[in-house]
Protein chains: 2
Amino acid sequence: MKLGQATIKDIARELNVSTSTVSRALKDYPGISDETKRKVKELADKLNYRPNAVALSLRKSKSFTIGVIIPEVVHFFFSTVISGVEEVAFANGYNVILCQTNEKFSREKSSVETMLSNQIDGVLVSFSRETTSFDHFKKMIDLEFPIVFFDRIPDLENTINVTVNDYQGAYNAVKHLIDQGFKKIVHLSGPDNLTISKQRKEGYLDALRDSGIKVKPEWIVECPYGTEKESILITTELFKNKENRPDAIFAHHDIVAAGAMMALKALNLKIPEDVGVVGFSNWQFSSMIDPPLSTVAQPGFQIGETATKILLEMISKKTNMESFPQNIVLDTELLIRKSSVKV
Amino acid sequence: MKLGQATIKDIARELNVSTSTVSRALKDYPGISDETKRKVKELADKLNYRPNAVALSLRKSKSFTIGVIIPEVVHFFFSTVISGVEEVAFANGYNVILCQTNEKFSREKSSVETMLSNQIDGVLVSFSRETTSFDHFKKMIDLEFPIVFFDRIPDLENTINVTVNDYQGAYNAVKHLIDQGFKKIVHLSGPDNLTISKQRKEGYLDALRDSGIKVKPEWIVECPYGTEKESILITTELFKNKENRPDAIFAHHDIVAAGAMMALKALNLKIPEDVGVVGFSNWQFSSMIDPPLSTVAQPGFQIGETATKILLEMISKKTNMESFPQNIVLDTELLIRKSSVKV
DNA sequence: TTGTAAGCGTTATCAT
DNA sequence: ATGATAACGCTTACAA
């Protein structure tokens with residue numbers, strides 16, 4: 001495309017051979033004289049020849065590019081996943097095209113269109129908060145287009161998903177709070193339509209139930225946006241009255257937990273003496289805040305790696321769809337720090 | 001590429017017209033009967049026709065794709081920049097291909113090759129910590145390949161760069177520490193080969209000089225990796241002895257500052273009473289740590305937006321190279337929080 | 001108003 | 001050992 005870029009044709013012309021000869025020489029096909037090979041390669045080198053990946057894509061119906069659709073890059077979790085994706089993709093000669101939806105359904109749909117138009121070989125998806133219809137993904141699946149969902153997975157048949165055990169992670173976190181002697185544990189939950197939110201809520205509920213603690217409905221508050229500000233407002237509301245004040249928080253993720261901690265401090269409540277706090281995701285900052293935040297760590301990098309490995313396998317069709325594990329569930333790890341440990 | 005994907009040929013065959021007619025009808029070219037247009041569009045719709053972007057790329061020598069080469073996605077600053085890039089690219093119908101170098105020179109070189117092979121229309125670059133030779137970029141520039149550097153800019157002629165005023169940001173930060181009464185201010189600096197590191201160091205030096213403070217050589221310590229751990233080690237070393245102990249830290253970025261704060265706390269030094277701390281970049285966590293960290297905020301999103309806008313202009317050659325501003329320098333903002341304010 | 005054909009860069013197939 | 005040709009999907013002179 002760049003004016004200066006040499007093509008196979010240029011080499012062929014200059015050497016008075018055919019393009020097929022050049023093509024073959026460059027890839028060491030049998031049946032090309034060493035002499036020719038040498039000349040071709042030398043000239044290619046000199047002209048700084050670089051195969052045109054676009055022409056190859058067209059010819060081979062394969063672009064060596066995978067797409068990633070995620071809500072937002074700036075979320076630590078997602079950027080960690082991308083790192084894992086990039087790593088595996090790069091190691092296998094694949095490029096990564098990135099589309100962030102900013103949690104918008106419309107952007108997600110157009111991202112899917114773009115990706116299909118661009119003949120990408122497969123796609124990794126974690127869908128937006130707004131997404132409730134999955135027709136756009138269904139379409140891809142029906143076309144047998146390689147697609148792997150991670151973190152946020154859809155309610156569809158025959159999808160391949162990579163997640164962490166959100167239920168167990170939440171269960172362990174809440175169990176830990178109970179073990180520490182906390183009894184009135186509220187849950188700042190995530191958007192209701194996401195499976196991860198449901199799973200974490202279930203884990204929370206079951207942990208309380210298993211310990212014989214009756215859950216009050218007002219203990220579960222949805223934080224749909226998951227921002228610090230939202231969390232501060234909600235937490236302040238929950239804790240401002242002395243009577244019946246809860247004594248612990250299990251937050252849907254660390255930003256929400258951090259917001260809650262700020263609100264608690266503003267109310268002059270001590271963490272963990274008055275209120276224990278556990279978050280989810282182990283964001284970069286979680287070990288640095290005061291007190292350090294206990295949290296459920298998700299292996300983001302590993303999620304990215306795993307999802308990409310599976311996707312690349314699907315692409316190269318080493319195996320058929322049926323042989324793929326439908327759901328890969330990775331383990332979380334409860335990191336106990338000061339915010340939840342009674343002294 | 002997907003077996004199921006309809007092409008212009010399919011439509012042509014089914015409708016008994018030529019492919020050119022279909023092509024023209026689809027894009028409302030003049031000189032096509034309304035009747036034909038209608039039929040073509042209807043069928044296209046029914047077959048779920050989607051133009052093959054790869055074929056278009058090849059034909060037009062234009063891929064509507066830009067590349068981004070950065071050290072690491074997981075850095076809050078870079079992911080913020082990507083957000084800005086994505087936003088502008090998307091709004092203009094461009095895709096974003098992402099390559100992270102993991103701060104490796106070799107990866108950077110191969111990324112450049114990949115991008116060139118893939119006929120991307122332009123590239124945004126913030127190079128790796130290891131990079132000291134710029135031949136690979138020089139090659140692109142000589143080919144008049146559209147390229148915009150941001151944040152980390154090379155020592156090359158005729159490049160277009162988007163940065164923040166690191167010098168001024170650092171100067172303001174250190175001036176602020178001096179105004180607060182701190183006198184023995186150390187600088188935990190960045191990798192020496194990066195312009196940003198040099199600029200920040202200069203700002204630091206000039207601020208001290210302008211206030212008549214003599215800088216001791218041992219006050220400047222390089223933190224090449226910029227990790228929390230590295231910073232903890234270095235800070236502990238710097239502050240463990242009572243005599244001649246410094247009384248403030250200006251860190252090259254917030255992670256380093258956060259590490260320093262952890263080290264100070266471990267030494268039982270109070271922030272900001274005993275030691276004032278200012279960071280750089282306003283990472284997400286900076287307002288949440290204890291005490292909240294004063295820092296120099298960089299407009300990451302805006303850097304991404306600006307760089308991408310310029311790149312797209314270069315691509316569409318609305319203007320010629322000479323008319324481009326060589327250096328866009330955006331302003332930083334000093335965010336004063338508790339970590340640097342003497343009570 | 002529509003069709004024909006060439007071409008973007010590459011490779012696979014069939015000749016020679 | 002090498003060449004000619006068609007094809008991938010699409011656009012665009014040029015012709016009709």
Side-chain angles (χ1 to χ4, degrees), chain A residues 1-41 43-44 47-65 113-114 116-121, chain B residues 1-41 43-44 47-65 113-114 116-121:
Chain A
M1 146 237 215
K2 275 304 97 193
L3 315 152
Q5 256 318 339
T7 72
I8 251 180
K9 276 191 187 172
D10 298 324
I11 300 179
R13 195 178 325 110
E14 189 132 343
L15 254 40
N16 265 316
V17 294
S18 73
T19 55
S20 12
T21 304
V22 176
S23 172
R24 289 190 273 240
L26 285 171
K27 19 192 48 151
D28 283 322
Y29 264 53
I32 297 284
S33 73
D34 287 352
E35 172 67 2
T36 312
K37 272 191 201 169
R38 196 186 49 72
K39 282 203 289 191
V40 168
K41 286 185 177 171
L43 186 57
L47 296 182
N48 209 339
Y49 169 77
R50 189 179 297 112
N52 184 324
V54 171
L56 274 171
S57 276
L58 184 58
R59 181 68 233 255
K60 302 257 188 111
S61 297
K62 174 143 180 50
S63 61
F64 281 98
T65 301
E113 287 301 315
T114 307
L116 287 176
S117 275
N118 279 278
Q119 315 302 112
I120 55 162
D121 297 338
Chain B
M1 149 236 213
K2 274 307 96 193
L3 316 153
Q5 254 321 337
T7 73
I8 248 179
K9 275 190 188 171
D10 299 324
I11 301 180
R13 195 180 325 111
E14 188 133 342
L15 255 39
N16 264 316
V17 294
S18 72
T19 56
S20 27
T21 302
V22 175
S23 170
R24 289 190 272 241
L26 284 171
K27 17 193 49 154
D28 282 323
Y29 265 51
I32 297 283
S33 72
D34 288 353
E35 172 66 2
T36 312
K37 274 190 203 171
R38 197 185 48 71
K39 282 202 289 191
V40 168
K41 286 184 178 172
L43 185 56
L47 297 181
N48 210 340
Y49 170 77
R50 189 179 298 113
N52 182 323
V54 171
L56 275 171
S57 276
L58 185 58
R59 177 69 232 251
K60 300 257 187 113
S61 297
K62 176 147 179 46
S63 61
F64 282 98
T65 301
E113 287 302 314
T114 307
L116 286 176
S117 275
N118 279 276
Q119 314 302 110
I120 56 161
D121 296 338

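The chains referred to below are lettered A, B, ... by the order of the sequence lines, with proteins before strands, and numbering in each begins at 1. Everything numeric in this text was worked out from a predicted model, so none of it was measured.
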Worksheet item: Closest nucleotide of DNA chain D for R50(B) versus for V17(A): which of these residues is on the 5' side?
Response: V17(A)

Worksheet item: How would you list, by chain and number, every residue that makes a salt bridge (charged side-chain N to carboxylate O under 4.0 Å, His left out) with E113(B), sequence neighbours excluded?
Response: R50(A), K139(B)

Response to the item:
Regarding the side chain of S18(B), the nearest nucleotide among dC14(C), dG3(C), dT10(C) is dG3(C)

Practice prompt. Give N16(A) one of three labels, base, sugar-phosphate or nothing, depending on what nucleic acid heavy atoms sit under 4.0 Å from its own.
Written response: sugar-phosphate

Item to complete: Under the side chain to side chain donor-acceptor pair (under 3.5 Å) rule, collect the residues that match up with T19(B), sequence neighbours excluded.
Response: none

Worksheet item: What residues form a salt bridge (charged side-chain N to carboxylate O under 4.0 Å, His left out) with R38(A), not counting sequence neighbours?
Response: E35(A), E42(A)

Discussion item. Which is more 5' along DNA chain C, the nucleotide nearest A55(A) or the one nearest K60(A)? Just name the residue.
Written reply: A55(A)

Worksheet item: Closest to the R24(A) side chain: dT13(C), dT10(C), dG9(D)?
Response: dT13(C)

Item to complete: Would you state whether a donor and an acceptor, one from the side chain of S20(B) and one from the base of dT4(C), lie under 3.5 Å apart?
Response: yes

Discussion item. I need the residues from residues 29-36 of chain B with at least one non-hydrogen atom less than 4.0 Å from DNA chain C; give them sorted by number, or say none.
Written reply: G31(B), I32(B), S33(B), T36(B)

Practice prompt. Could you list the residues that satisfy salt bridge (charged side-chain N to carboxylate O under 4.0 Å, His left out) with K37(A), not counting sequence neighbours?
Written response: D28(A)

Worksheet item: Is any side-chain heavy atom of L15(B) less than 4.5 Å from a side-chain heavy atom of T21(B)?
Response: no

Practice prompt. Using the test ring-ring contact (aromatic ring centres under 6.0 Å, His included), find all partners of F64(A) that sit at least two apart in sequence or belong to another chain.
Written response: Y94(A)

Worksheet item: Between K62(A) and dC8(D), does any side-chain N or O lie under 4.0 Å from OP1 or OP2?
Response: no

